Every structure is written in C-alpha cells, then in structure tokens.
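Written below as structure tokens is the structure these notes are about.
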Amino acid sequence: MIEEKGSFRDPAGKIFYKENRVLRKITREGLKRIKFLNENDIIAKSIEKKLLINTIEYKFWNENKINPESLIFEHSKIPFISYPYEWSFSQLKAAAIHHLDFHLFLLELNATLIDSSAFNIQFIGSKPIFIDLLSLKKYEEGEYWTGHKQFCENFLNPLLLRSKKGINFNNWFKGNLEGISTSDLNQILSFFDKLSYNIFIQVYLLNKLEERSKLKKNLNVNKKLKNKFPKKSFISMLKQLRNFIYSLSPKKSFSYWDSYSDVNTYKKNEEITKIQCVENFCKKYKFKTIADLGCNDGFYSALALKNRCDYVVGFDYDLNSIEKAFQKSIREKLNFLPLYFDASNPSSNIGWNEKERKGFKDRAEFSGIIALAFEHHLAIAKNIPLEQVVEWLMNLAPRGLIEFVPKHDITINKMLELKGDIFPNYNEDNFRKVISQKGKILSTTKISESGRIIYEYER
C-alpha cells in the first residue's frame with residue numbers, strides 16, 4: 001500500500017492507496033470516534049444525503065475481537081483531486097455551503113465537525129462532497145465551534161476578498177495553505193464594508209478578539225470557558241452564516257476571454273472541422289479521464305463528454321471563463337470539473353516537507369488530453385521554448401490532440417507586435433520534430449486558412 005503523505009496530521013487515521021483503491025486505516029485514537037458514528041448510523045445517513053463520500057467499512061477479526069489497527073474503510077475514488085486555490089468564486093462558495101449544510105445535518109444527529117478545512121471538500125463534476133470521515137465526532141452539549149476561525153480563513157475571507165474588493169484569492173491562498181487571515185482581510189476592507197452585520201461580526205470583531213488574546217499574559221489554555229454555547233445558538237450561527245455566504249457574488253471584472261466562444265477567429269466551416277476532429281478523437285478512444293487545456297467556457301469539454309468520454313477536467317488561466325464553465329457544468333449536469341490553472345506556474349508540491357499538497361504533475365493521470373489554441377500562449381506569450389511546451393503536453397497523457405498555431409496567424413501577430421519576433425525555433429517543422437522524437441504523429445487536420453493544424457499524437 002502507498003501512504004498518502006498529506007494525511008499525516010490526523011492521529012486518528014491515515015489514507016493509503018492500493019490497486020487504484022482509496023483506503024483509510026483507523027488507529028486506536030480514532031476507534032472511539034468511529035464507534036459513535038456507527039452506533040448512530042451517522043455515516044450511512046450522511047452518504048444517503050449525498051453529503052459524505054461513499055464509504056464501505058471492513059472489519060478484520062483477531063481472536064473474536066476487532067483489531068483496532070485493522071479497522072479499514074474504503075472510499076470512492078475522486079476522479080481528480082483539486083484544491084481551494086484552483087477553484088473559482090462559485091466553486092469555493094458551493095464548497096462553503098456544502099460544509100455548513102453538512103455541519104447543520106450532523107448537529108441534528110448529535111454530531112459535529114472537529115475542523116473546517118476547505119481541503120476536506122472535493123468536487124465530482126460540479127458537485128461538492130465531504131471526504132474526511134475522521135472530522136466527524138460526537139457533539140458535546142455546550143461546546144463552541146472549534147473550527148470557526150478556520151472556516152473564516154478557508155472559506156469566508158477568500159469569498160469576501162473577491163466579493164467586496166474584486167481581488168482574486170487563488171494565488172494568495174496558494175501562498176498560504178491556512179487561507180486568508182482575518183487580520184489581513186480586516187485591513188483591506190473599508191469602513192463601509194464593515195457596516196454589514198456579518199462582516200462586522202465575522203471579520204472586525206473576530207479580529208479584535210484575536211488581537212486581545214495575543215495581548216493576554218499567563219493564559220491558561222486548560223481553563224474551561226464558564227459560559228457554554230447552547231446548541232440552538234450554534235445552529236442559528238451556522239444558518240445565518242450560510243444565508244450570508246449564499247448572498248455573496250463576485251465583483252464584476254472584465255476579461256478578454258469572456259466571449260471567446262462567440263468572437264474567436266475561426267470561420268464557421270473551420271469551426272465545424274475542428275469540432276469533427278475532436279468528436280472523432282473522443283469516439284475512437286472513449287477516454288476515462290481527459291484533460292481540456294485552455295478549456296475556456298467548457299464547449300469542447302462538453303463535446304468530449306457527448307462523444308464517449310467519462311470525465312473531463314478543464315484548465316484555464318482566466319477565472320471568468322472558469323466561472324462560466326462551472327455554471328455550464330451545473331446547468332447541464334456534466335461530469336466536468338473546470339479549474340484555475342496557470343500552466344507557466346502550475347500548482348507545485350507544497351505544505352509540510354513539500355508533500356502535503358500535491359503539485360499538478362503528480363495528480364495528472366489523464367488517459368488523454370486536448371490542447372486547442374493553447375501551445376502558443378506558452379511558447380509566444382510566456383517565452384517558453386516550443387520544444388519544452390510540446391514535451392510537457394505529451395507527458396500529461398499517452399494520447400492527445402495539440403493544435404499548432406503558425407506565426408502568420410492573426411493571434412500570434414498581435415502577440416509579436418508587443419515583443420517582436422524573437423522566436424526563431426517556433427515553426428511547424430520543429431513542432432513535428434519534437435512530437436516525432438517523443439512519440440509519433442497519428443494524423444493531422446488543417447482547420448484554418450491561416451494554417452492552424454491539429455496534431456493527433458501517441459506517446
């Protein structure tokens with residue numbers, strides 16, 4: 001079995017992978033927690049409500065007694081693990097609401113969540129799901145919300161940053177896995193922002209309490225709070241926070257790619273040729289998981305699903321496009337997960353010992369890729385040598401479609417106006433050469449008068 005390096009923080013259990021299966025081994029520390037969940041049928045009820053990932057328990061017996069070291073659960077495998085800093089505003093909002101809905105549901109069953117990490121939520125297509133079984137425990141009457149601070153840093157604060165200030169949270173969150181601190185957000189929000197009741201309570205007052213706790217001397221961490229927090233108040237707090245988050249929307253921002261599907265440079269007949277090329281490719285291989293690099297609003301991702309592909313993960317640098325793609329996935333109920341992605345600076349291995357959160361390459365286990373009108377954004381706009389771009393793309397999957405855009409194409413002409421032609425090796429001959437060295441060219445399809453060509457490769 002291969003241990004999941006990111007599960008080291010939880011003394012109650014560890015995640016392992018075996019033959020494409022996801023297993024959770026429960027330690028003695030977690031046995032009491034699991035016993036409570038089983039006795040009250042909480043796991044089954046949570047799965048039935050589609051709040052918790054599908055989970056099966058295995059019991060291995062030793063001398064007629066359950067061996068705590070051998071209590072194992074199997075979870076359904078998520079098609080592609082993603083992280084909060086790769087989500088759009090609407091995705092993080094959906095994850096926050098799912099987390100609160102789950103917490104409210106658990107409180108009805110006399111259970112609660114021990115933390116509020118956004119990393120405990122994953123997406124299957126457009127649907128969020130909670131994955132950390134050991135975050136569930138018995139609710140103790142009068143206890144406070146121990147995950148309140150973490151919920152604000154992981155969910156609320158990033159949403160407020162975009163909603164109130166129009167600042168994207170993604171790279172900030174990627175630079176700090178704890179999320180966005182309340183003290184940082186408090187300094188950014190204006191006086192008028194803080195007139196909102198929820199912002200005043202969840203940001204301004206919470207920051208004041210944090211500052212006051214830092215100034216206290218001889219703090220006895222073992223001293224219990226005299227005033228208990230009634231369950232009714234706990235539920236009311238979660239509901240009010242849910243309603244507030246539900247009301248939030250991203251501050252409007254303009255993007256060049258907002259209307260790309262409607263204003264791209266392809267003529268009608270060229271677009272039809274391109275569509276047919278993608279359709280034939282997907283029908284031929286029936287990919288289990290395919291990556292759509294530069295997915296924009298998800299048009300070709302949806303096309304892949306209609307042509308025998310099971311699951312599509314879309315990647316795009318433009319967050320407005322990811323928002324549109326996510327709404328398309330919801331509206332059409334697609335097995336399509338769009339994610340924010342800067343190919344010139346992709347997610348890397350980060351966290352403790354650089355193994356806590358996996359980088360893009362370590363998660364990229366695709367059976368196929370489509371990279372349409374994509375390579376020139378790296379080779380020309382980002383000055384990455386064409387050879388490296390093609391090799392990188394081919395390493396992502398054994399088969400794929402890569403569209404080559406020639407220098408005299410109008411799109412590249414606009415790019416070259418700003419920096420000049422400093423790309424002597426950017427040409428089709430070199431493009432073909434790199435593919436042939438790494439694998440083989442199975443077919444080519446010319447799709448535009450300017451000379452755009454889609455290459456089908458096999459690694």
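A quick note: this is a predicted structure, and the numbers were derived from the prediction, not measured.
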Q) Which word best sums up how the rings of Trp352 and Phe8 line up, parallel for under 30°, tilted for 30 to 60°, or perpendicular for over 60°? A) tilted
**Q.** N/O donor-acceptor pair under 3.5 Å between Ser116 side chain and Gly147 backbone
**A.** yes
(Q) Taking the side chain as everything from C-beta on, heavy atoms only, tell me whether Asn40 gets closer than 4.5 Å to Leu109. (A) no
Q: Taking Asn170 for its side chain and Trp87 for its backbone only, find out whether a donor-acceptor pair lies under 3.5 Å.
A: yes
Q. Heavy-atom count around Lys419 NZ within 6.0 Å, excluding the residue itself: above 12?
A. yes
Q | Heavy-atom neighbours of Lys194 NZ exceed 12 at 6.0 Å | A | yes
Q.
Test of understanding: with side-chain hydrogen bond (donor to acceptor under 3.5 Å, both in side chains), list the residues that count as partners of Lys306, not counting sequence neighbours.
A. none
Q. Just wondering, are more than 12 heavy atoms of other shown residues or ligands nearer than 6.0 Å to OH in Tyr204?
A. no
Q: Check whether any side-chain heavy atom of Ser344 sits under 4.5 Å from a side-chain heavy atom of Ile384, and report yes or no.
A: yes
Q.
Side chains of Asn120 and Ser117: any donor to acceptor distance under 3.5 Å?
A. no
Q. Which of parallel (below 30°), tilted (30 to 60°) and perpendicular (above 60°) describes Phe102 and His98?
A. tilted
Q. Which class fits the ring pair Phe123 and Phe326: parallel under 30°, tilted 30 to 60°, perpendicular over 60°?
A. perpendicular
**Q.** Those residues that, when tested against Asn110, pass side-chain hydrogen bond (donor to acceptor under 3.5 Å, both in side chains) (two or more places apart)
**A.** none
**Q.** Salt bridge Arg357-Glu86, side-chain N to carboxylate O under 4.0 Å
**A.** no
Q. Got a donor-acceptor contact below 3.5 angstrom from the Arg363 side chain to the Gly359 backbone?
A. yes
Q: Could you tell me which residues satisfy side-chain hydrogen bond (donor to acceptor under 3.5 Å, both in side chains) with Glu211, sequence neighbours excluded, listed by chain and number?
A: Asn207
**Q.** Set of residues satisfying side-chain hydrogen bond (donor to acceptor under 3.5 Å, both in side chains) with respect to Ser329, sequence neighbours excluded
**A.** none
Q. Under 3.5 Å, is there a donor-acceptor pair between the side chain of Glu210 and the main chain of Thr182?
A. no
Q | Contacts of type ring pair (Phe, Tyr, Trp, His ring centres under 6.0 Å), residue Phe229, not counting sequence neighbours | A | Tyr144, Phe234
Q.
Between Glu74 (side chain only) and Val22 (backbone N and O only), is there a donor and an acceptor less than 3.5 Å apart?
A. no
Q) Any side-chain heavy-atom pair from Glu365 and Thr289 closer than 4.5 angstrom? A) no
Q) Should the pair His75 and Phe73 be assigned to parallel (<30°), tilted (30 to 60°) or perpendicular (>60°) ring geometry? A) parallel
Q: Could you check whether the rings of Phe315 and Phe366 sit parallel, tilted or perpendicular, using 30° and 60° as the cut-offs?
A: perpendicular
Q) Below 4.0 angstrom, N of the basic side chain to O of the carboxylate: do Glu153 and Lys149 qualify? A) yes
Q. Taking NZ, NE, NH1 and NH2 as the nitrogens, is one of them in Lys231 or Glu143 under 4.0 Å from a carboxylate oxygen of the other?
A. no
(Q) Looking at every non-hydrogen atom in both residues, tell me the closest pair between Leu401 and Val278 and how far apart they are. (A) CD1-CA, 4.0 Å
Q. Just checking, any donor-acceptor pair under 3.5 angstrom between side chains of Ser181 and Ser183?
A. yes
Q.
Does atom CZ (Arg212) have a neighbourhood of more than 12 heavy atoms from anything else shown, all under 6.0 Å?
A. no
Q.
My understanding is that only one of Lys358, Arg24, Lys14 makes a salt bridge (Lys or Arg N to Asp or Glu O under 4.0 Å) with Glu4; could you say which?
A. Lys358
Q) Taking the side chain as C-beta and beyond, is there a heavy-atom pair between His376 and Glu403 under 4.5 Å? A) no
Q: Evaluate whether atom NZ of Lys165 has more than 12 neighbouring non-hydrogen atoms of other residues, nucleotides or ligands under 6.0 angstrom away.
A: yes
Q: May I ask you to test the Phe105-Lys45 pair for a side-chain heavy-atom distance under 4.5 Å?
A: yes
Q: Measure the shortest side-chain to side-chain distance between Ile290 and Ser367 over non-hydrogen atoms and say whether it is less than 4.5 angstrom.
A: no
Q. Does Lys18 reach the side chain of Ile2, with side-chain heavy atoms less than 4.5 Å apart?
A. no
Q | side chain to side chain donor-acceptor pair (under 3.5 Å): pairs with one or both residues in residues 235-251, sequence neighbours excluded | A | Asp101-Arg242
(Q) Phe89 vs Tyr340, test: ring-ring contact (aromatic ring centres under 6.0 Å, His included). Steps then yes/no. (A) CA-CA 10 Å; Phe89 178 93; Tyr340 168 73; over 10 Å; no
Q: Find out whether Asp184 and Trp172 are in side-chain contact, i.e. whether some heavy atom of one side chain is under 4.5 Å from a heavy atom of the other.
A: yes
Q. Cation over ring, Lys382 on Tyr317, under 6.0 Å and within 45°?
A. yes
Q: Might you confirm whether atom NZ of Lys284 has over 12 heavy atoms from other residues, nucleotides or ligands at distances under 6.0 Å?
A: yes
Q. Around atom CD of Glu178, are there more than 12 heavy atoms of other residues, nucleotides or ligands at under 6.0 Å?
A. no
